[in-house]
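This report refers to the structure that appears directly beneath it.
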Amino acid sequence: MRLVFMGTPDIARKCLQRLVEDGHEIAGVYTKPDTPKNRGMKMEASEVKQYALSVGLPVYQPTRWKSEQTYQTLKALQPELIVVVAYGRILPQRVLDIAPRGAINLHASLLPQLRGAGPVQWAVLRGLETTGATVMYLSAEMDAGDMIDRVETPIGPDETYGELLERLGDLGAELLSGTVRRMEAGPVEAVPQDASQATYAPMLTKELSPIDWSQSPQQIHNHVRGMVPWPVATTVLEGKKLKIFRVGLTDLHTDKAPGTPVAVTKQGLQMACGQGEVVTILELQAEGGKRMRAADYLRGHPITIA
RNA sequence: CGCGGGGUAGAGCAGUUCGGUAGCUCGUCGGGCUCAUAACCCGGAGGUCAUGUGGUUCAAAUCCCAUCCCCGCAA
């Protein structure tokens, strides 16, 4: 089938790659414009763009979807179907109407749960035990279109956002591949979402990084793994800002105030949380330093236990 | 030229300001103690101090120059 693909990060790349391997005719690939990133502020192309170029697909990076020229350019590609995966842009309704078979989207949650830009992160942050991916039609309202296909998957008790995203990317690409095949064969059924059950998952920001030590160990654990690999949970210890990559639950108790170091062990650093419970910081990174086991960090940066 | 931290033993760090015998904590190996141990005691091995076999010097981890690599902020 002749289609236009729109997407930006790696999960989108996986989907595009799968569609290419399925033998579909990709008339064009849309992705966000290159942005200055990383140390040195070098311009960096999205994963989707890098892949598209490597297989010789035409890449488009419009900045204004409202412009007539952008609209006409897409229309001229004459896609039968538009496939959108984590594109990062809101598309005007008339753009969604260009393709005869419509515009579909892969969303990494079990809609109507977790609509928004950060469904995978919030699935972990909220401590859900199950999530998944949904293929639906795009609609004017964010992630509210009629659903075509879905796949479920359990979330591991220690799984991080990054790990889950990786898995959902593979599952999602597989799911999407099947949907497009079926659409190619003929009309498909779509069921409306129950809007009353909708929850929302906004994009994470670094403002969410600081750990609230008054929470329970399980909540802190969810917070930490939901923030890896970005933006990563943080805390300040002895005046130093630390990124916290991994914590472990304990059955211990303490009468120390939340956020106070309780003890240093072979495993790492035990910290007091809410209700006198204790979690162990297992893996961390200091500014300018590498990510390392907490026990290693403490060897060179001994802390005093009050 | 966006700002900044760093590369010293297998790991994490100190030492660099003011050049002068390579240190700490841990791991590892051997021995001891112990009912036992991740605990404790004694002893040993292990480093061309990122690179240039660069410059200055009687002498460089330390000062100067160049290069490579890692990381934080910011996006």
Side-chain angles (χ1 to χ4, degrees), chain A residues 6-13 30-51 53 59-65 85-90 116-122 160-163 165 201-211 223-254 259 261-271 278-306:
Chain A
M6 301 182 182
T8 300
D10 196 59
I11 184 172
R13 189 224 90 223
Y30 281 73
T31 193
K32 281 206 286 193
D34 297 358
T35 51
K37 281 185 175 179
N38 301 323
R39 217 166 291 121
M41 301 295 278
K42 298 183 194 91
M43 292 299 272
E44 194 162 300
S46 71
E47 280 87 344
V48 162
K49 179 177 178 179
Q50 291 179 34
Y51 170 73
L53 292 179
V59 173
Y60 301 86
Q61 300 175 281
T63 51
R64 296 185 310 279
W65 273 104
V85 181
Y87 176 42
R89 288 282 154 105
I90 304 291
V120 185
Q121 296 91 315
W122 285 98
T160 65
Y161 148 52
E163 291 162 350
L165 179 65
M203 197 143 54
L204 301 188
T205 71
K206 265 180 280 198
E207 289 174 15
L208 294 171
S209 287
I211 293 173
H223 181 250
V224 168
R225 62 201 180 99
M227 307 280 279
V228 174
W230 195 91
V232 185
T234 61
T235 195
V236 175
L237 194 63
E238 307 220 309
K240 288 171 188 153
K241 184 176 169 188
L242 302 176
K243 286 187 173 182
I244 307 300
F245 285 87
R246 201 157 56 88
V247 300
L249 305 177
T250 77
D251 294 327
L252 305 174
H253 288 271
T254 180
V262 175
V264 174
T265 71
K266 285 274 181 194
Q267 297 254 296
L269 178 62
Q270 296 178 346
M271 297 288 289
V278 175
V279 291
T280 307
I281 296 176
L282 299 175
E283 211 173 341
L284 57 74
Q285 177 175 34
E287 292 187 38
K290 291 182 179 177
R291 173 175 173 174
M292 66 184 78
R293 292 183 305 126
D296 289 341
Y297 176 80
L298 292 167
R299 213 159 276 130
H301 304 83
I303 72 161
T304 52
I305 303 294

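- Within the 4.5 Å cutoff, side-chain heavy atoms of A:L204 are placed close to those of A:W122.
- Atom CD of A:E238 has more than 12 heavy atoms from other residues, nucleotides or ligands within 6.0 Å.
- Taking atom C1' in both B:G72 and B:G32, the straight-line distance is 47 Å, to the nearest Å.
- Put simply, the residue from A:R225, A:K243, A:R291, A:R293 that forms a salt bridge (Lys or Arg N to Asp or Glu O under 4.0 Å) with A:E283 is A:R291.
- Going from the P atom of B:A11 to that of B:U48 covers 13 Å, rounded to whole Å.
- B:G52 and B:C58: their P atoms are spaced 24 Å apart (whole Å).
- A gap of 49 Å separates the P atoms of B:A39 and B:G55, to the nearest Å.
- Spacing of C1' atoms, B:G12 relative to B:U67, comes out at 27 Å, to the nearest Å.
- Base pairing analysis places B:C73 opposite B:G2; the two distances defining the Watson-Crick or G-U wobble pair are each below 3.5 Å.
- Within the shown strands, nothing qualifies as a pairing partner of B:U37 under the Watson-Crick or G-U definition with both distances less than 3.5 Å.
- Of the C1' atoms belonging to B:U16 and B:C63, the separation is 10 Å, rounded to the nearest Å.
- In this structure the side chain of A:P231 reaches within 4.5 angstrom of the side chain of A:K206, judged on heavy atoms.
- At the heavy-atom level, A:K241 lies nowhere under 4.0 Å from the strands shown.
- By the 4.0 Å N-to-carboxylate-O rule, A:E287 lies too far from A:K240 to be salt-bridged with it.
- B:C41 and B:U34 have their P atoms separated by 16 Å, given to the nearest Å.
- Across B:A9 and B:C49, the matching P atoms stand 10 Å from one another, rounded to whole Å.
- Counted within 6.0 Å of CD on A:Q267, heavy atoms from surrounding residues, nucleotides or ligands total 12 or fewer; the atom is thus considered open.
- Chain A approaches RNA chain B over the interval B:G2 to B:A75, counting the first and last nucleotide 5' to 3' with an atom under 4.0 Å from its heavy atoms.
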